[in-house]
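A short write-up of the structure that comes next.
Read the numbers this way: they start at 1 and go in the same order the structure lists the ligands and their atoms.
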Amino acid sequence: MSDMKDLFLLTDKQIERHDTIEALIPRFKERAAELDEKAAFPFENFAELKEKGLTKIVVPKVFGGEEASLTDFLLVQEQVAQGDGATALSLGWHNGVIMQLRETEKWSQKNFITLSKEIVDKGVLINTIATEPATGSPARGGKPETTARPIEGGYEISGKKTFTSLAPILDYFIVTATVEPNGEIGEFLIPKNSEGLSIDETWNTMGMRATRSDDLILHRVKVDGDAWVAKRTPGSKPAIPHGWLLHVPACYIGIAKAARDEAVAFAKTYQPNSLDHPIKDVPEVRRKTAEMDLKMMQARHFMYSVSKMWDDYPEHRPNLSTELTAVKTTVTNMAIDIVDLAMRIVGGHSLAKSNPLERYYRDVRAGLHNPPSDDITMMALGNKAYDS
Ligand SMILES: Cc1cc2nc3c(=O)[nH]c(=O)nc-3n(C[C@H](O)[C@H](O)[C@H](O)COP(=O)(O)OP(=O)(O)OC[C@H]3O[C@@H](n4cnc5c(N)ncnc54)[C@H](O)[C@@H]3O)c2cc1C
């Protein structure tokens, strides 16, 4: 049994998954620099995640999964991110989709069972692709310019989506589209080999490069009527807030943990000749380390307190919306601060391309632009104070 110092590992299953992931981490770390440099998708990491069953953890037990709780899911995210942030964020989108479907029951039972079985038996991967050049973040309520035009027996879908994380490996794309002529917003399930569907390899960002969040091009893609799997009302408050989206801050605090550990390991061994001891004994290094750990504790206690409330008191879920957005904002910003402090401890060495800290610095920054962004959280909190 490993790392019993982590107070958040409370069940045998959580410890078992932790040990499983721990064995993957060294290989994920080893591959991370090259994948980042080439902006290449982590295919090998995903083969290993599938092999260890980590792409089916949230599938209900009756359909062959493990029915992981939100807390279980976040623990996995946080730990995978310590090996490779891009792998963790990508895994989180996939598992988050399944948890959303499980908790909201927004798909027909038939469609959900079919997908669950494909995930369990064939290891299929899925993601929601909702962002477009014109709408920007779907969290802000923009209406898709991608259209679904009724044709005999189904729909013809055309448009362009951006930020298609896991683009090279997805089996299914859930695409939002405005349905003609009435203007409803539909979510359409589109298989990867559909005629007219292609990926435009535009993804060339400073961080999270290995997520391959490319553009998705849909040129008159024909789907059956039952591909319209759910409806959306942009800008409306969902009946159940998006608890599963906490996979995002869990990923970024995992990256921060990797940065913190890197800095502590460095401080234990680095000894310039101006000192007769390693820099770990410099008071300012200890103070910065304490600051990192204080933020880490605050972030994790906040995140897991809210996830526990979500798991243990389902009746509270409709009222957890501001807590969830507050966790995203707090934890992501603390993750950025922790990486910053780690780099200040390590100093100029942290800037080297050969040092993982410079990648953590770029990756963690992407968290600001995953939903919900800080301004949305602040608006929600401000409105709650005055309008509710
Ligand atoms: C690594 C990564 C992976 C991603 N993966 C996916 C994915 O798999 N699927 C997916 O659908 N999306 C994905 N996204 C996209 C993400 O969810 C956002 O849609 C995207 O980052 C754009 O967010 P934004 O807030 O910058 O957008 P924009 O809406 O373009 O906003 C840009 C800026 O304009 C201002 N602004 C815009 N609109 C408003 C408004 N209405 N009110 C006030 N201010 C406004 C804000 O200052 C904002 O920062 C991913 C993003 C990243 C970074």
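With hydrogens left out, the protein atom closest to atom 11 (O) of ligand 1 is A130 N, 2.8 Å, a heavy atom. Among all protein heavy atoms, the one lying closest to atom 53 (C) of ligand 1 is N370 ND2, 3.6 Å. Nearest non-hydrogen protein atom to atom 21 (O) of ligand 1 is H369 O, 2.7 Å. The single protein non-hydrogen atom nearest to atom 9 (N) of ligand 1 is T128 O, 3.0 Å, given as residue, atom name and distance. Protein heavy atom at the shortest distance from atom 25 (O) of ligand 1 is R140 NH2, 3.0 Å. With respect to atom 4 (C) of ligand 1, the closest heavy atom belonging to the protein is S165 OG, 3.5 Å.
Ring-plane geometry between H247 and W93 is classed as perpendicular, the angle between the planes exceeding 60 degrees on a 0 to 90 degree scale with a lower cut at 30. Aromatic ring orientation, F46 versus F41: tilted (interplanar angle from 30° to 60°).
Within 4.0 Å of atom 46 (C) of ligand 1, at least one protein heavy atom is present. For atom 32 (C) of ligand 1, no protein non-hydrogen atom is found at a distance below 4.0 Å.
Neither the backbone nor the side chain of T205 has any atom closer than 4.0 Å to an atom of ligand 1 (non-hydrogen atoms only). Contact annotation: for L89 versus ligand 1, heavy atoms closer than 4.0 Å belong to the side chain alone. Contacts between F163 and ligand 1, counted as non-hydrogen atom pairs separated by less than 4.0 Å, involve both the backbone and the side chain. With a heavy-atom cut-off of 4.0 Å, S213 touches ligand 1 through its side chain alone. Counting heavy atoms closer than 4.0 Å to ligand 1, residue T162 contributes nothing at all.
When S137, P372, C251, P371 are checked for heavy-atom proximity to atom 28 (P) of ligand 1, S137 turns out nearest. Closest heavy-atom approach to atom 10 (C) of ligand 1 among the candidates N127, T131, L166: T131.
Taking OG of S137 as the start and CD1 of I376 as the end, the distance is 5.5 Å to the nearest 0.5 Å.
Here the options are N333, T325, T332, the test is side-chain hydrogen bond (donor to acceptor under 3.5 Å, both in side chains), and the partner is D374; only N333 passes.
Put simply, the side chain of W244 never gets that close to the backbone of L101: no donor and acceptor are under 3.5 Å apart. For the pair N95 (side chain) and L54 (backbone), a donor-acceptor distance under 3.5 Å is present. Here the side chain of K328 pairs a donor or acceptor atom with the backbone of G367 at under 3.5 angstrom. With hydrogens and angles disregarded, no donor-acceptor distance shorter than 3.5 Å links the side chain of S373 to the backbone of H369. Between the N355 side chain and the H349 main chain, a donor and an acceptor come within less than 3.5 Å of each other.
Using a 4.0 angstrom heavy-atom cutoff, P138 counts as in contact with ligand 1.
Here's the thing with S373: none of its N/O atoms is less than 3.5 angstrom from an N/O atom of ligand 1. On a distance-only criterion, T164 and ligand 1 share no N/O pair closer than 3.5 Å.
With no hydrogens or angles considered, no side-chain donor-acceptor pair links T128 and E187 at under 3.5 Å. Judged purely by distance below 3.5 Å, without hydrogens or angles, the side chains of T322 and K384 pair a donor atom with an acceptor atom. Side-chain polar atoms of S69 and K308 form no donor-acceptor pair below 3.5 angstrom.
Near G136, meaning under 4.0 Å from any of its heavy atoms, are these atoms of ligand 1: 28 (P), 29 (O), 30 (O).
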